[in-house]
**Student:** 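One structure, pasted below without further comment.
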Amino acid sequence: MTSHTLDATQVEYDGPAAAGGARTACHTVRCVPGDVIADVRPGDIILVRGPGWLGWLIRLGARIRYRNDDLRYAHWSHAAMVLSANGHLVEVHALGVGVCGIEKFRNSEFHYVRLDLSDRDRMLAVRYGYSCVGQRYGVSSFLLFGLSLALGDRFHVPDWGQQGCVALIVRALQRAGVAFDRAPSDMMPADLAKRFGVLP
């Protein structure tokens, strides 16, 4: 088991410009099964390569959206946001929005993404994350998003405020001043990976 300290293993990446030309610097750490992150900060995110049929389906959708060099971003199938220095995360799963520990992903491959945010911006993102706990999973938005991808991204999914794993993170980070070029309801883990330059 390896314990990563971000200061010792970080790779800096200044993500591509999003809407309005805004940029957000970040540091990423790749974790293989068994790895532990020693220094977590509220407002940071993780991108997970999840197993099973749902993870496969999400990655397939990303492969429809992305081509050529961008196919590498289709590696990811789930995302969560850090809520506390104790490693509590907010994530969206089939039962809705809940809180779990980062240990849940210890046996998974994931990237820890440490965003360059002020303490105030981190607080705003985390406050939103906590406010969503207990909300239902946005099944209708997920199905409509799947249809959109199957049709080659020919329409954008309306943002009804329903939560998916990426939609929640995007809404939280928007409160922290991070800009995105897609609506929260129209994004998947691959879009987060591309936005912050997270490579497998």
Side-chain angles (χ1 to χ4, degrees), residues 4 15 26 28-37 40-66 70-84 87-115 125-126 128-130 132-146 148-149 157 162-173 178 180 182-200:
H4 285 293
C26 66
T28 64
V29 176
R30 180 178 183 269
C31 297
V32 298
D35 282 357
V36 177
I37 291 291
V40 299
R41 293 184 64 184
D44 291 345
I45 64 174
I46 66 169
L47 287 167
V48 183
R49 182 175 174 88
W53 67 269
L54 184 56
W56 177 85
L57 195 61
I58 291 169
R59 290 191 297 272
L60 176 63
R63 293 177 77 82
I64 293 171
R65 172 170 283 178
Y66 288 110
D70 286 345
L71 271 176
R72 54 195 173 171
Y73 300 117
H75 186 77
W76 311 109
S77 58
H78 186 53
M81 185 179 74
V82 179
L83 292 177
S84 76
H88 294 118
L89 307 175
V90 62
E91 67 164 339
V92 182
H93 45 73
L95 299 177
V97 183
V99 175
C100 68
I102 198 168
E103 298 83 13
K104 174 179 178 179
F105 300 103
R106 180 172 289 180
N107 295 322
S108 301
E109 176 192 343
F110 70 92
H111 267 59
Y112 184 92
V113 185
R114 185 169 188 169
L115 302 174
V126 166
Y128 178 78
Y130 273 119
C132 295
V133 173
Q135 292 181 10
R136 297 177 62 184
Y137 176 66
V139 176
S140 57
S141 289
F142 179 78
L143 294 175
L144 193 57
F145 183 60
S148 171
L149 288 174
V157 178
Q162 295 183 332
Q163 300 297 1
C165 69
V166 174
L168 186 150
I169 291 170
V170 170
R171 291 182 182 113
L173 292 180
V178 180
F180 297 90
R182 292 181 184 271
S185 57
D186 206 31
M187 290 183 66
M188 64 179 83
D191 297 308
L192 277 182
K194 184 174 181 179
R195 173 66 179 84
F196 296 118
V198 183
L199 301 176

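Keep in mind the model is a prediction, meaning the values are calculated, not measured. Numbers for residues simply follow the sequence, beginning at 1. Note: hydrogens, waters and symmetry copies are ignored here, and every other heavy atom, side chains too, is used.
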**Student:** Restricting to non-hydrogen atoms, name the atom on P42 and the atom on L83 that form the minimum distance, rounded to 0.1 Å.
**Tutor:**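 Nearest heavy atoms, P42 then L83: CB-O, 3.7 Å.
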**Student:** What's the spacing between R106 CZ and D35 CG if we round to 0.5 Å?
**Tutor:**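 CG of D35 is found 9.5 Å from CZ of R106.
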**Student:** Roughly how far, to the nearest 0.5 Å, is CE of M81 from CG of L192?
**Tutor:**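 Reported to 0.5 Å precision, the distance equals 11.5 Å.
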**Student:** Which pair of non-hydrogen atoms, one from L115 and one from C26, has the smallest distance, and what is that distance?
**Tutor:**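 Looking at all heavy atoms of both residues, the shortest contact is CD2-CB, 3.8 Å.
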**Student:** State the CD1-CZ distance between I45 and F110, to the nearest 0.5 angstrom.
**Tutor:** 12.5 Å
**Student:** Does any non-hydrogen side-chain atom of D191 lie less than 4.5 Å from one of V166?
**Tutor:**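 Of all side-chain heavy-atom pairs linking D191 with V166, none is under 4.5 Å.
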**Student:** Locate the shortest heavy-atom distance separating C31 from I37; write the atom from each residue and the value.
**Tutor:**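 Closest approach of C31 to I37, heavy atoms only: SG-CD1, 3.5 Å.
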**Student:** Which class fits the ring pair H78 and F105: parallel under 30°, tilted 30 to 60°, perpendicular over 60°?
**Tutor:** tilted
**Student:** According to side-chain contact (heavy atoms from CB on, under 4.5 Å), who are the partners of I64, at least two apart in sequence or on a separate chain?
**Tutor:** none
**Student:** Assess whether atom CZ of R63 is packed by more than 12 heavy atoms of other residues, nucleotides or ligands within 6.0 Å.
**Tutor:** no
**Student:** Okay, side chain of S77, backbone of G50: is any donor-acceptor separation there less than 3.5 Å?
**Tutor:** yes
**Student:** So do C132 and V90 actually touch side chain to side chain, heavy atoms under 4.5 Å?
**Tutor:** no
**Student:** Can you tell me how far the NZ atom of K104 sits from the CD atom of E91, to the nearest 0.5 Å?
**Tutor:**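 One gets 3.5 Å once the value is rounded to the nearest 0.5 Å.
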**Student:** Roughly how far apart are Y73 OH and F196 CZ, rounded to 0.5 Å?
**Tutor:**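 Atom-to-atom, Y73:OH and F196:CZ are 12.5 Å apart.
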**Student:** Under the side chain to side chain donor-acceptor pair (under 3.5 Å) test, which residues partner D70, sequence neighbours left out?
**Tutor:** K194
**Student:** Shortest non-hydrogen contact from W76 to P200?
**Tutor:**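 For W76 versus P200, the nearest heavy atoms are CZ2-CA, 4.0 Å.
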**Student:** Roughly how far apart are L173 CG and R195 CZ, rounded to 0.5 Å?
**Tutor:**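 Reported value, rounded in 0.5 Å steps: 9.0 Å.
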**Student:** Testing the basics here: between G164 and V92, what is the closest heavy-atom pair and its distance to 0.1 Å?
**Tutor:**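 Closest approach of G164 to V92: O-CG2, 3.5 Å.
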**Student:** Do side-chain atoms of R49 reach the backbone of H75 as a donor and acceptor pair under 3.5 angstrom?
**Tutor:** yes
**Student:** What heavy-atom pair brings V82 and V126 nearest, and what distance separates the two atoms?
**Tutor:** O-CG2, 3.8 Å
**Student:** Going by heavy atoms in the side chains, are R136 and Q162 under 4.5 Å from each other?
**Tutor:** no
**Student:** For Y128, give me all partners under side chain to side chain donor-acceptor pair (under 3.5 Å), at least two apart in sequence or on another chain.
**Tutor:** Q163
